[in-house]
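Computed from a predicted model, the values in this text were never measured in an experiment.
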Amino acid sequence: MYAEERQQAIAELVRSKGRASVSALAERFEVTSETVRRDLASLERAGHLQRVHGGAVRPGLVQIVDEQGIGEREASHADQKVAIGRAAMRFLPPDGGSLALDAGTTTYQAALNIPTDRRLSVVTSSLPLATLLAEHPSATLHLVGGRVRSLTQAAVGADTVSRLRQFRSTVAFIGTNGVSEGLGLSTPDPDEAAVKSALVRSAQRVIVLADSSKMNREDFAGFADLDDVDVLITDAGIDPTFSAVLSARGIEVVIA
């Protein structure tokens with residue numbers, strides 16, 4: 001196979017699958033990893049794909065943007081987040097159950113809607129969520145400490161992750177910056193990713209709360225596979241094809 005033919009085949013593969021690793025491409029086309037990397041560099045310059053660590057993804061799949069603070073996130077897709085927070089109440093644990101709440105502005109909207117008569121044990125590493133739920137008359141709040149990131153006002157670090165591993169929640173409400181078939185759930189900061197991963201592992205049922213701008217996108221640090229997700233609550237802006245992909249993976253997609 002000539003180099004031009006191989007590069008065309010690589011471009012078509014990445015376009016159809018969304019991503020491909022250097023090792024898999026080297027094996028598929030029976031060439032060295034160095035040859036694949038040169039092919040990917042050439043294809044990236046031509047705009048056919050975007051190189052990432054260990055391989056390549058479809059152009060535009062990875063969002064390279066500065067991480068937003070809480071204020072910017074609150075203003076972004078605000079109406080959708082409010083609706084998603086309300087829809088999340090359908091999946092709230094029954095009276096006497098336990099709830100793990102991830103940091104984030106969409107999970108905050110969910111917390112605002114928790115009925116005042118619902119007796120719950122709630123665990124979170126988010127200062128804004130803890131402040132809100134400290135006044136909930138029927139909730140027993142467990143605030144997990146650690147180093148606080150000023151950008152998200154959430155605790156992160158080894159101590160936070162270790163403490164979260166001691167809990168087992170009925171349900172977890174998880175936020176994310178990206179949802180993709182290849183990487184699963186992802187977020188910009190590796191320390192935040194470690195905390196989110198611990199929350200996912202701690203829960204019997206995982207409910208992801210994410211507006212449609214997060215769909216079919218990847219960020220820097222992956223923290224959970226799609227197989228870890230039971231339900232995705234999003235808005236009507238989700239691409240129907242991607243929604244069908246998620247449904248085929250066993251995820252219940254709920255439009256708020």
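Thr124 places a side-chain N or O within donor-acceptor distance of the main-chain N or O of Leu101, the cut-off being under 3.5 Å. Formation of a donor-acceptor pair under 3.5 Å by the Glu192 side chain with backbone atoms of Asp189 is not found in this model. Looking at Asp235, its side chain does come within 3.5 Å of a backbone N or O of Ser212 through a donor-acceptor pair. At distances below 3.5 Å, at least one donor-acceptor pair connects side-chain atoms of His136 with backbone N or O atoms of Pro115. A distance-only check finds no donor-acceptor pair linking the side chain of Asp219 to the backbone of Asn177 [under 3.5 Å]. Not a single donor-acceptor pair under 3.5 Å links the side chain of Ser180 to the backbone N or O of Asn216. With Arg205 contributing its side chain and Phe91 its backbone, the two residues share no donor-acceptor pair below 3.5 Å. One N or O on the side chain of Ser247 and one on the backbone of Ser243 form a donor-acceptor pair closer than 3.5 Å. Listed for the Asp211 side chain is a donor-acceptor partner under 3.5 Å among the backbone atoms of Ser213. Between the side chain of Thr107 and the main chain of Asp102, a donor-acceptor pair closer than 3.5 Å is present.
No more than 12 heavy atoms of other residues, nucleotides or ligands sit less than 6.0 Å from atom CZ of Arg86.
Looking at residues two or more places apart in sequence or on another chain, you find a side-chain contact (heavy atoms from CB on, under 4.5 Å) between Arg163 and Val144, Gln166, Phe167.
Of all heavy-atom pairs spanning Leu25 and Leu13, the tightest one is CD2-CD2, 3.5 Å. Between Tyr108 and Pro128 the shortest heavy-atom distance is CE1-O, 3.6 Å. Between Ile251 and Leu226, the shortest heavy-atom contact is CD1-O, 3.7 Å.
Considering Val206, Val161, Leu164 as possible partners of Leu199, the one that fulfils the side chain to side chain contact (heavy atoms under 4.5 Å, CB included) test is Leu164.
Thr170 and Ser98 are linked by a side-chain donor-acceptor pair at a separation below 3.5 angstrom, with hydrogens and angles left out of the test. No side-chain donor from either of Gln153 and Ser126 sits under 3.5 Å from a side-chain acceptor of the other. For the residue pair Thr176/Lys196, the side-chain donor-acceptor check at 3.5 Å is not satisfied.
Clustering of Ile, Leu, Val, Met, Phe, Trp and Tyr side chains at separations under 4.5 Å leaves Leu183 isolated, with no partner residue.
Within the structure, every pair that satisfies the salt bridge (charged side-chain N to carboxylate O under 4.0 Å, His left out) test and touches residues 27-40, not counting sequence neighbours, is listed here: Arg6-Asp39.
Between atom CE of residue Met215 and atom OG1 of residue Thr234 there is a gap of 4.0 Å, rounded to the nearest 0.5 Å.
A continuous path of Ile, Leu, Val, Met, Phe, Trp and Tyr side chains, each step under 4.5 Å between heavy atoms, connects Leu132 with Met89, placing both in one hydrophobic cluster.
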